[in-house]
A.B. asks: 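Sharing a structure here in structure tokens format.
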Amino acid sequence: MSDSGGMDRWQWLVVGAAAVGMVYVNADRSVETRRPRYETLTDCQRDWNDPSDCENTSGGAASSGGSTGGGTGGGRSWYGPDIDKDGKVYHADGRVTSGHDVRTLSSTSFRGSHVTRSGFGGGFSRGG
């Protein structure tokens, strides 16, 4: 502290650096991803083992007690979770795992997408 009772230059520098750091940590960051497409829920669950990671094209996630119907009736298909170019997977429940190789998936096509990761709380939102 300075003699005048206020903050001196070094204290302001520390406060400013902390503020800049908080802005960076809390900034949203968008990541380009791809979502594997499956003809059936069974195929999707075979790759991901978690029904919540499989979403049908009408927008609903599979429930653990739901039908695993194999058909493509009505043109419906299923999407797995978002995967970035480094093999990081953004699961529907908010988990992020790494080390996945898209070449090992049974999916035959992918849809471009992106996730926006929130720096505060570590959540993300899906788009695309």
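Counting begins at 1 with the first residue of the sequence.
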A.B. asks: Any side-chain heavy atom of Leu41 within less than 4.5 Å of one from Arg76?
C.D. replies: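 Leu41 vs Arg76: side chains apart.
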A.B. asks: Is there side-chain contact between His91 and Asp50, with heavy atoms separated by less than 4.5 Å?
C.D. replies: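 Counting from C-beta outward, His91 and Asp50 never come under 4.5 Å.
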A.B. asks: Atom CG in Leu105, atom CZ in Arg37: separation rounded to 0.5 Å?
C.D. replies: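 Answer for the CG-CZ pair, Leu105 versus Arg37, is 14.5 Å.
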A.B. asks: So, using side-chain contact (heavy atoms from CB on, under 4.5 Å) as the criterion, who are the partners of Ser106 when residues are at least two apart?
C.D. replies: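 With neighbours one apart ignored, the set is Tyr38, Asp43, Asp47.
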A.B. asks: Working to the nearest 0.5 Å, report the span between CD of Gln45 and CH2 of Trp78.
C.D. replies: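 Between atom CD of Gln45 and atom CH2 of Trp78 there are 8.0 Å.
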A.B. asks: Is there side-chain contact between Lys88 and Thr97, with heavy atoms separated by less than 4.5 Å?
C.D. replies: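 No, side chains not in contact.
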A.B. asks: Do Tyr90 and Ile83 have side chains that get closer than 4.5 Å, going by heavy atoms?
C.D. replies: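 When only atoms from C-beta onward are counted, Ile83 and Tyr90 do not touch, as no gap falls below 4.5 Å.
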A.B. asks: What closest approach, in Å, do Pro36 and Pro81 show between heavy atoms, and which atom pair accounts for it?
C.D. replies: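 Between these two residues, the closest heavy atoms are CD-O, 3.3 Å.
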A.B. asks: Can you confirm whether Arg35 sits close enough to Glu55 that some side-chain heavy atom of one is under 4.5 Å from a side-chain heavy atom of the other?
C.D. replies: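 They are in side-chain contact.
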A.B. asks: Mind checking side-chain contact (heavy atoms from CB on, under 4.5 Å) for Asp86 and listing every partner two or more places apart, or none if nothing turns up?
C.D. replies: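 Testing Asp86 for side-chain contact (heavy atoms from CB on, under 4.5 Å), a comparison that skips the adjacent residues, returns Asp84.
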A.B. asks: Is any side-chain heavy atom of Tyr79 closer than 4.5 Å to one of Asn56?
C.D. replies: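 No, side chains not in contact.
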A.B. asks: Rounded to the nearest 0.5 Å, how far apart are OG of Ser107 and CZ of Arg46?
C.D. replies: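 Reported to 0.5 Å precision, the distance equals 12.0 Å.
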